[in-house]
Amino acid sequence: MRKILSRRTLLHGAGGVMIGLPFLDEMRPRSANAQTTDPPMRLITLFFGLGVAREEMLKGFKGPLAPFEALQKKMSIFTNLELKQSHDFGSGEPHFKVGDVVFVGDPQKREYEAAGPSLEQIVKKDLFPNGVPTRLGSKSVGMWFRTGSVSQYTRHWNHDGSPGERPERRPTRIFEQLFGGMTGGGTPGAPQDPGAVREQHLKRSVLDAVVGEYKHYIGDASPLGKDSKAKLSVHLDNIRNVEKRLAPVEAAVDDAIAQEECAMPKAVTDPGKDLPYDLAQGGAGGSAPVIQHEDFAAAFQLQGQLMALALRCDVLRFGSMLFVGSGGHVGLRGTYSALGDSVNFTQDLPGTSPHDAYFHNNRWDKCRLHAHYCITNIAGALASLDDPSFLEANGKTVLDNTLVIVGTDYGGGGTTTGHIPEGVFHAIAGGNGHFKPGFNDKVYNVIDVYETALKPYGLKTGMGAGRHARYKHAPVEIGEVLA
Amino acid sequence: MTKPWIRVAVALSGAVLSGCTAELESANSAIPGGGASGGESGMAPPGAPPNTPPGAPPSSGGTGGAPGAVPPAVSGGAPSSAGAPPSGAGAPTTTAVTGRVGLAARISKVEYANSVADVLGTTLTAAELDATTGGIPDDAGDGVFKHIADKQTSIEQHALSYFQVAEGVVKRVDVAALTKSLGCSQATAECGGKAIAALGRRLYRRPLTQRESDAMLAVFNAAVAEQLDFAGAMRWTLQALLQSPQFLFRMDEETRGTAGQARDLTPQELAARLASFIWVSVPDEALLARAEDGSLTQPDVLESEVQRLLADPKAQRLTRAFVADFSRARYASFEGVTDADRLALDESIAATFQDHLWTQKGSIASLFTTTRFVVNPRVAELLGMQMPGSGLMPVDVGQLPQRVGLLAHPGMIAGMGDRGTGSFVNRGKYLMERLLCRNPGAVPAGLLTELETFNSNTTGFNEHERAAVRKTRAECWGCHTQFEPFAFGFSRFDGAGRYVGEQDAAGKPLPLDGWVPLPGKAEAASPKYTDFASYMQILADEPVIQTCMTEHFIAFATARTSDDQAKLEAERVGEKYLAGGSTLGAMVSAVVQSQLFRTIVPLPAVSAENPGPQP
């Protein structure tokens with residue numbers, strides 16, 4: 001029953017990164033209790049850039065949303081949302097402004113600073129104020145190549161409004177970060193590298209000493225007052241989370257259940273030989289890097305599979321994925337065919353990107369295919385979560401047991417450029433059976449969707465009272481999507 | 001500056017503020033994300049407190065707001081206490097500087113990098129300084145400066161990046177060179193102890209206690225047990241030292257002394273604060289020696305050390321860090337901006353600020369009227385100048401239109417964060433924070449829907465036209481009159497700080513005349529300007545604004561939220577600054593002598609038995 005997704009999809013042979021399966025204490029409780037426990041609350045946000053024109057969304061599964069058809073019973077799709085708060089920061093680059101609004105809800109305070117945390121961070125802190133019980137607190141991955149503004153690619157925003165982790169592009173590095181411990185380790189079943197063992201031991205020693213110092217300063221012998229102690233105590237909680245990543249590498253995986261559920265691939269290979277995974281600068285204006293669209297997509301699909309594996313193994317419960325940043329600047333190459341039409345990226349995008357060539361020129365015939373390309377990949381990531389060959393203890397797929405919120409930046413369409421904060425697409429997928437599937441074309445603000453999505457989970461704080469009052473339309477009415 | 005320093009603190013205190021404004025950095029914290037959201041969202045009703053609950057009607061504290069009217073004085077507009085410092089920002093106006101209780105201050109990313117460079121002789125890589133690549137996060141939060149202890153939050157990436165950065169840093173450390181003077185390089189507890197004492201003393205800013213030394217020695221011994229040599233074991237030990245709270249946080253002995261009665265900082269605490277302020281780093285050996293022999297608290301020794309620190313090139317870090325936050329050039333977001341642009345703007349504004357204060361020995365007031373900019377090719381291009389060669393070069397911009405004073409530098413204007421022509425609201429709030437040390441707070445929820453209407457009704461308007469509409473609406477202008485007029489004089493600069501001429505792209509005029517909205521003064525009584533130079537001259541001459549600049553130095557030096565005590569202290573510091581010759585050195589010396597810098601008010605000890613007041 002539990003077909004190992006990773007072995008089927010990730011084994012690419014020699015040349016990949018070899019990583020040993022870390023001994024994950026965090027895995028065991030769920031594995032050991034697999035027959036009795038409910039799945040943990042998990043939240044993943046999935047973003048794609050440049051949106052879908054509303055006229056195209058109204059075609060249902062006959063238009064760019066067609067790739068969602070296979071998942072239609074697990075998705076509540078919104079086709080007419082407002083994102084007006086993205087225009088509230090006075091004059092500003094629209095895509096700079098929208099990036100820290102999607103999945104946050106309020107207008108950015110300034111560039112590089114959101115009004116508050118993104119959804120997965122809200123839930124993480126709400127449920128685990130003293131640190132999550134998993135190896136990683138959260139993880140951001142994605143495919144994007146414009147570095148001009150943090151707001152365009154960052155979807156993880158901290159509670160103080162600062163940007164969190166930049167989405168990691170390179171699948172092999174994601175694999176290391178999710179499963180390899182702080183430094184990686186040996187191969188499962190193989191003798192441990194003495195150097196790696198020593199390193200783990202000494203790291204533990206360093207953290208023991210550091211933790212001891214923090215404990216001293218928050219303890220009775222401390223010369224500090226209450227507020228300073230509280231401040232150090234928060235930092236200590238964060239160090240505890242770092243400690244979790246130091247789980248020692250196990251010489252051999254001997255827990256049959258853990259092995260079955262979380263069996264690691266022995267190697268991962270990065271798709272696309274020349275993909276500029278490590279691009280540090282650039283991407284503004286017409287300097288979009290040139291990438292074959294199949295490679296770009298393949299890398300994202302592998303990212304999605306790794307994230308699905310991480311959720312399954314419970315090394316991660318919160319994260320964000322991104323396929324093309326806000327105002328996405330990728331110099332796609334190749335021909336993409338869908339919806340009885342095709343678009344020749346190679347011909348259309350010499351030295352430019354879909355954003356500049358299509359959106360700014362109102363080429364909605366091209367935009368619809370670009371949207372289809374994005375939706376195909378988003379649907380692919382969802383399908384990785386929805387792998388029926390792996391069912392969790394309640395007989396459901398990982399997607400069923402995970403709240404996934406899919407969002408984009410602008411809608412647009414018709415005869416104007418696509419920076420229109422109306423008619424915007426979002427969707428709730430999975431969601432533990434809390435949501436009715438189907439299309440919803442009523443006008444809501446994205447805030448309404450976010451609040452509705454969190455509502456069934458009984459959070460203590462949720463989106464926070466008062467922050468978003470300005471934008472709400474009908475949070476009661478949108479409750480109709482609750483099952 | 002020749003004018004006497006008049007008493008302005010009372011005029012700036014919370015008791016007479018219009019309710020829509022708040023003391024700098026002390027507002028906006030009650031509502032998550034309730035900070036100034038920028039854009040057109042600064043609209044607020046007259047007299048409404050900055051944190052009016054959603055849906056609540058505007059405060060009845062004021063009825064003014066008619067065009068040109070003096071904003072009403074209300075007493076209900078005191079800043080929220082949420083997130084306020086324990087010293088009582090948001091408390092009733094004080095009439096005396098009594099000192100503040102302590103609060104652990106996490107060192108900024110810049111201070112971390114400087115400390116590592118000064119003690120360990122290695123620099124941080126770009127990736128280690130970039131949060132988005134796993135490096136140390138920027139400090140965030142409202143207010144001009146970002147290292148303020150009251151505003152710091154701790155996120156997981158802080159802990160993770162300190163762990164990973166320390167791991168990278170120690171690999172680059174030349175342990176043999178660092179410990180050569182110890183004459184002991186064996187993998188023994190004796191040599192490890194000596195090295196820990198020497199390097200730990202620098203990083204912790206004081207000698208280690210036996211307990212602290214033992215804790216670090218345990219790491220050293222663990223590494224030795226793994227067959228590592230002295231250098232290898234010290235690298236692991238340094239990782240622990242670099243992650244310890246004694247290094248990452250500047251901590252005073254907050255419960256030492258009689259609770260509630262201000263005491264002088266201990267010599268070690270004073271040394272740490274001094275080095276953090278002037279060098280943005282840890283003390284050197286000489287300063288530690290003055291601390292350890294106890295002489296640092298003697299006024300003549302303290303002053304001598306201030307002058308020694310100022311004479312060191314490392315003192316330029318003070319102005320570098322100060323202007324980086326003051327300008328926010330590194331957050332420029334104008335049309336087409338690139339990371340290279342941001343770096344160029346940040347570099348040039350810093351070089352201009354430093355050239356003025358250090359090389360030209362100019363006063364803080366004359367920053368507002370200088371025409372000497374230090375530019376690089378990108379900034380020269382934004383100024384509309386030709387610049388031969390590369391690198392930085394001082395130029396006289398006096399012949400260029402409207403290039404008078406630091407505020408006319410593209411690094412400042414781009415730091416206002418505008419994309420196109422520039423929002424008066426954004427710019428006004430930015431300038432109000434920097435020139436009046438006040439923050440207008442967030443737009444009240446009750447006006448948010450009206451703002452939607454306003455925005456759609458003014459589509460296609462330029463900023464002057466939008467301001468004109470706001471001026472006719474009391475619910476807008478009651479607050480906007482206190483900050484928006486600061487922006488009028490900047491209307492001929494676009495988001496990148498380029499001069500665009502006397503008309504906008506649509507051919508509409510861009511008038512320059514305006515007034516400086518000083519607290520408590522109606523438009524009619526406010527200082528008027530008709531051109532940019534006269535505007536800047538008003539700022540240079542205005543004591544209220546110069547006192548605010550002093551307040552910024554106090555906030556920067558103490559890493560604490562500005563409050564009524566800081567405003568009062570700014571008067572005294574300002575007087576000493578003037579008496580000292582109006583130089584940067586005089587300002588630094590005066591700040592160091594201030595009570596807020598030199599003292600701490602002890603807190604009651606907190607323990608499991610005595611947990612203190614509960615939230």
Side-chain angles (χ1 to χ4, degrees), chain A residues 84 88-93 96 106-107 109-113 115-116 137 147-150 154 158-166 198 201-202 205-207 209-210 212-214 216-217 220 223-229 231-232 234-235 238-239 241-242 281 284-285 464-467 469-470, chain B residues 31-33 35 37-41 53-55 86 101-104 132-133 137-138 140-141 153-156 158-160 163 215-216 218-219 222-223 226 236 239-240 243-245 251 253-256 331 333 336 338-339 417-423 425-426 445 448 603 606-608 612:
Chain A
K84 288 183 175 177
D88 273 3
F89 188 63
S91 60
E93 210 286 342
F96 286 16
D106 276 344
K109 294 173 85 170
R110 53 181 69 87
E111 201 194 342
Y112 290 86
E113 192 169 354
T147 60
S149 167
V150 167
T154 295
N158 297 308
H159 277 73
D160 64 3
S162 61
E165 182 187 20
R166 184 168 81 166
R198 181 176 70 187
H201 174 219
L202 290 174
S205 175
V206 165
L207 282 184
V210 171
E213 293 307 294
Y214 278 91
H216 172 79
Y217 273 95
D220 286 353
L224 300 180
K226 179 168 163 283
D227 290 335
S228 292
K229 284 185 174 183
K231 200 168 179 177
L232 266 61
V234 172
H235 191 81
N238 290 322
I239 294 173
N241 286 338
V242 174
Q281 298 287 334
R467 235 181 79 185
R470 174 179 179 185
Chain B
I31 298 175
S37 54
E40 302 307 300
S41 57
V101 298
L103 182 63
T132 62
T133 54
D138 283 336
T153 55
S154 182
I155 58 177
E156 186 174 335
H158 279 113
L160 183 59
F163 185 94
M216 293 301 120
V219 179
E226 294 284 0
W236 284 101
Q239 283 194 50
Q243 294 176 76
S244 295
M251 298 182 289
E253 292 185 76
E254 296 173 14
T255 56
R256 175 185 177 132
Y331 297 118
S333 59
T338 64
D339 287 346
D418 290 307
R419 164 84 170 169
T421 56
S423 151
V425 176
N426 279 358
L448 292 171
L603 286 162
V606 180
S607 65

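Note on naming: letters A, B, ... go to the chains in the order of the sequence lines (proteins, then strands), and numbering restarts at 1 for each one. Excluded from the calculations below are hydrogen atoms, water molecules and symmetry mates; all remaining heavy atoms, backbone and side chain alike, are included. Not measured: the values here are computed from a predicted model.
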Self-check item: side-chain hydrogen bond (donor to acceptor under 3.5 Å, both in side chains) partners for A:His235, two or more places apart
Solution: A:Tyr214, B:Ser154
Can you see which heavy atom on [X] is nearest to which on [Y], and at what distance?
X: B:Leu103; Y: A:Ser228; answer: CA-OG, 3.3 Å
X: A:Asp106; Y: A:Ala115; answer: CB-CB, 3.4 Å
X: B:Ala104; Y: A:Lys231; answer: O-NZ, 2.7 Å

Quiz prompt | When A:Thr154, A:Leu232, A:Leu202, A:Ile239 are compared by non-hydrogen pairs under 4.5 Å with chain B, the top option | solution = A:Leu202
Exercise. Counting only heavy atoms closer than 4.5 Å, note whether B:Pro245 contacts chain A via side chain, backbone, both or neither.
Key: both
Exercise. Measure B:Ala218 against the heavy atoms of chain A and call it side chain, backbone, both or neither at under 4.5 Å.
Key: backbone
Exercise. Please look at A:His201 and chain B and tell me whether the side chain, the backbone, both or neither of the residue comes under 4.5 angstrom of a heavy atom of that chain.
Key: side chain
Exercise. Report the residues that fulfil salt bridge (Lys or Arg N to Asp or Glu O under 4.0 Å) with B:Glu254, sequence neighbours left out, ordered by chain and then residue number.
Key: none
Self-check item: Most contacts with chain A, counted as non-hydrogen pairs under 4.5 angstrom, among B:Arg256, B:Glu226, B:His158
Solution: B:Glu226
Practice problem: Return the option, out of B:Met216, B:Gln239, B:Met251, with the maximum number of heavy-atom pairs under 4.5 Å with chain A. | Solution: B:Met251
